[in-house]
Amino acid sequence: MNSKNFKTVLSKYFSFENETHSLEPLAEFLEGVRKSDFKDVLDYLKSHEDQKLHFSRYLHHIFAQRPFNLSLTEANILSENSFFSELRKRALNKILPSVEHEQTVWYLIDNISIRPAKDLQYFHNIPENELNEFLQILNISDFINSEKVKSELIFSMNILSWRVTGMALEVDVVRMAPEYRNFDNPFLALQNELEALAEEFKVNPKLQLSSKDSRYKQIKIYIEQCLDFVNISFKNSSKYGISGKINQSLLKIRQQTTRIYDIVNLLVIDSEKDYLLKSKQLIFNIVSYKSHKNNIAELFNDSTRLLSHLITNHTAETGTHYITANRKQYMSMFYKASGGGIIVGALCVLKMLYGFMPGSDFFHAFLYSVNYAMGFVMIYLMSFTLATKQPAMTAATMTKVLSEQGNSKQNYTEFADLVSKLFRSQFIAFVGNVLLSFPIAMAIIYGLDVFFSQNLAVERSDKLLKDLDPFQSKAILHACIAGFYLFISGIIAGNIANNSVFYQIPDRIAKNISIKRWFGAGFAKSLSKYYAKNWAGIVSNFWFGVFLGATAPIGLFFGLDLDIRHITFAAGNFALGLYGKDFSIDTYTFCISLVTVALIGFFNFAVSFSLSMFLAFRSRKLNLGEVRDIYGEIWRYFLRRPLSFFIPMRSAYDRKSSDMMKSSVITKSEDH
């Protein structure tokens, strides 16, 4: 189509009575309007009466036989119960738009506007008085009052209510809001009210609602109760768990219920000016819904926010155990980290020995994965600590605390105090891991040397030391990969914990007839408690081990320089490299290896913690604009109390917390 202004379009098509059904004139007119000053469009229409009348008749003509209920009941509403099904559908629609029925407003919008979102923004930017005048000039300022439009609106509300009632009555959805079990179902009540409104409209097509109308007030109350049902269900998800299907169902219920509210408000007319206001609002709503119907970013945000909240909620409960508040907890963390360091030291030697075994890349991937997974599960079950497992857990705890405290300066300072406790917990965990993994690896390789009369680390020493030089290897990148895997393992733990709660696995075990018959009720109860406490940790540690073990062999198979670097393993490998060189290395190699071990730990922590904080912030809808203030307060707190970031020091907030606990104890004793 040649570039034309709106004047030539109007002259070409509307200098005479045009009975065409073609959408080309409207598409060309809108293209011309977008390139012009809207004031000029108004002036031209007012000065060319014939063209204005012919264009107005044309608009009424092409809209007269086109229903728009699809634009209200389908557009920008989830159509699938699965996130991935919905994602595939939207992606396909973006690449190859679906074929719509030609006699619908949906089809009309697709064919007159290539970019509905930009067109919507353009008309939103037009001064309101000019847009109102435009609608009045074309005699379309009160179309909301036509019987056909009212019929479409009421029909659309009934379609939505039937759909939403069916989903809300599903057993798994009802289970999410037990608070409503003893009350009349608001979805059924809303459906009955809307069906009664439809019947009344058939009897009286001139029916008009007002804000004081009892029927409108009743519909509004039921809608609020339906939305409250959804909110309660989402809130209870922390207690009962949730599946992806139920999450999508609740999102659809909320979207459809909100859409009913939007539609019923269009039918409420309190004064003459409301006809123009509601007519204009209907146009904007339809275009807005249509412009967002294939939005993938919105789908991702809406569908994953609750699940990320659940994951971080479950890991937040675990994260409290990783933050030390006093000297006793601080030393306990050191002992636990030391235990983890002992096991990792042994794993370093085992991995080196597995490397001598002949076999394919995938054979070595299996061996390394079993080695890591076995060690990490042992560390977890023996209540030891692997330092870098902490960030994925503690980030959720910190965000939960921040979201509950609010955003005042005092609360930021309290949060900074929590950060100092977290940092020193991480610090002492790093110290415990590294101080034990290094000597244990050294002791084991020395014992093997004495037993077999052979230094097994000689062949690997060059590579082990080269891997600890960031200028000769991709040590920092590989440390970041390990940090990413730490983050993923945290997600796995939260997801397993959520599924365990949602599917009531511990209760199923405790009440399983076969288990109780063969092993007794006491065993079933103990197994249930053990599963609830440990299964998520076992699975996440197992997969963390698989990720670490398989990365290098798979990277080698594909010709990619992929590997992982973990601070505890780096310390153990440094010991093996030193022993393999018979402790004869230059000063540069020794110093750069020490520095690189510290850098690996930093990037392990930074990547894992940053990703976990991002997930936690996003799940709780915290304002990311506050991050600068938060970090600023943390820095100021560090300048005031630097030692508290490395060793336990009693702060004012600890004393405040202690005083509150004492007063609580005194109050309870007085009550008794």
Side-chain angles (χ1 to χ4, degrees), residues 334 337-338 340-357 364 367-368 371-372 375 386-388 427-483 548-549 551-553 555-556 561-606:
F334 174 75
S338 298
I342 292 172
I343 293 177
V344 169
L347 296 180
C348 290
V349 179
L350 280 174
K351 185 189 175 187
M352 185 189 71
L353 296 177
Y354 288 148
F356 291 122
M357 297 179 67
H364 284 107
L367 287 179
Y368 296 159
N371 180 51
Y372 283 125
L386 189 67
T388 50
F427 171 75
I428 197 61
F430 279 136
V431 171
N433 277 176
V434 170
L435 285 185
L436 269 295
S437 66
F438 183 91
I440 291 299
M442 185 74 74
I444 294 175
I445 197 64
Y446 172 74
L448 292 175
D449 190 358
V450 172
F451 188 79
F452 293 105
S453 299
Q454 181 182 356
N455 188 340
L456 298 175
V458 170
E459 292 183 27
R460 300 283 174 168
S461 59
D462 286 334
K463 184 179 187 308
L464 291 173
L465 293 175
K466 180 183 176 182
D467 288 342
L468 292 177
D469 187 339
F471 302 106
Q472 297 187 53
S473 69
K474 296 183 173 65
I476 303 304
L477 171 63
H478 297 159
C480 293
I481 294 174
L548 294 192
T551 298
L556 186 63
D561 187 8
L562 295 179
D563 207 342
I564 59 93
R565 294 288 177 270
H566 186 279
I567 181 173
T568 316
F569 287 91
N573 289 338
F574 182 34
L576 298 178
L578 276 175
Y579 193 84
K581 286 291 186 181
D582 200 22
F583 301 97
S584 298
I585 62 173
D586 55 77
T587 304
Y588 169 81
T589 302
F590 182 82
C591 293
I592 198 67
S593 297
L594 286 178
V595 171
T596 305
V597 169
L599 286 175
I600 288 171
F602 172 78
F603 282 98
N604 288 160
F605 172 82

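For this chain, numbers begin at 1 and follow the sequence in order. Everything quoted here is computed from the prediction, not taken from an experiment.
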Which pair of heavy atoms, one from Phe603 and one from Cys480, lies closest together, and at what distance?
CD2-SG, 3.8 Å
Quick one: closest heavy-atom pair of Arg565 and Ala482, and the distance?
O-CB, 3.4 Å
Residues pairing under ring pair (Phe, Tyr, Trp, His ring centres under 6.0 Å) where one sits in residues 433-455, two or more places apart or in two chains, turn out to be Phe438-Phe574
Main-chain N/O of Tyr588 paired with Asp586 side-chain donor or acceptor, under 3.5 Å:
yes
Going from CG on Leu468 to CZ on Phe590, what distance comes out if it is rounded to the nearest 0.5 angstrom?
11.5 Å
Closest contact, heavy atoms only, Ala441 versus Gly572
CB-O, 3.7 Å
Determine the interplanar angle of the Tyr368 and Tyr354 rings, folded into 0 to 90°, and report it as parallel if under 30°, tilted if 30 to 60°, perpendicular if over 60°.
tilted
Side-chain heavy-atom pair Ser593, Leu465 within 4.5 angstrom cut-off
yes
Going by the rule side-chain contact (heavy atoms from CB on, under 4.5 Å), which residues pair with Phe602 if we only count those two or more places apart in sequence or in a different chain?
Ala606
Check for a donor-acceptor pair, side chain of Asn604 on one end and backbone N or O of Ala479 on the other, with a separation under 3.5 Å.
yes
Quick check: closest heavy atoms across His364 and Pro553, and the distance to 0.1 Å?
C-CG, 4.2 Å
Whether Asn433 side chain and Ala337 backbone form a donor-acceptor pair below 3.5 Å
yes
Do the side chains of His566 and Leu386 get nearer than 4.5 Å, heavy atoms only?
yes
Would you list the pairs meeting salt bridge (Lys or Arg N to Asp or Glu O under 4.0 Å) in which at least one residue belongs to residues 447-462, sequence neighbours left out?
Asp462-Lys581
Would a distance-only check, ignoring hydrogens and angles, find a side-chain to backbone donor-acceptor pair under 3.5 Å from Ser461 to Gly577?
no
Around atom CZ of Phe471, are there more than 12 heavy atoms from other residues, nucleotides or ligands closer than 6.0 Å?
no
Hey, is the main chain of Ile585 close enough, under 3.5 Å, to the side chain of Thr589 for a donor-acceptor pair?
no
Once rounded to the nearest 0.5 Å, what's the spacing between atom CG of Asp563 and atom CG of Leu477?
10.0 Å
Find the distance between CG (Leu448) and CG (Asn455) and round it off to the nearest 0.5 Å.
10.0 Å
Under the salt bridge (Lys or Arg N to Asp or Glu O under 4.0 Å) rule, collect the residues that match up with Lys463, sequence neighbours excluded.
Asp467
Enter the distance from Ile476:CD1 to Ile481:CD1 here, rounded to the nearest 0.5 Å.
12.0 Å
Run the numbers on Val597 and Leu594 for side chain to side chain contact (heavy atoms under 4.5 Å, CB included), then give the verdict.
CA-CA 5 Å; Val597 169; Leu594 286 178; 5.8 Å; no
Distance from Ile567 atom CD1 to Thr596 atom OG1, nearest 0.5 Å?
11.5 Å
Separation between CG of Leu576 and CD1 of Ile444, rounded to the nearest 0.5 Å
9.0 Å
Could you list all the salt bridge (Lys or Arg N to Asp or Glu O under 4.0 Å) pairs where at least one residue sits in residues 468-479, not counting sequence neighbours?
Lys474-Asp561
Just list the side-chain donor-acceptor pairs under 3.5 Å for residues 340-353, sequence neighbours left out, or say none.
| from | atom 1 | to | atom 2 | distance (Å) |
| --- | --- | --- | --- | --- |
| Lys351 | NZ | Tyr372 | OH | 3.3 |

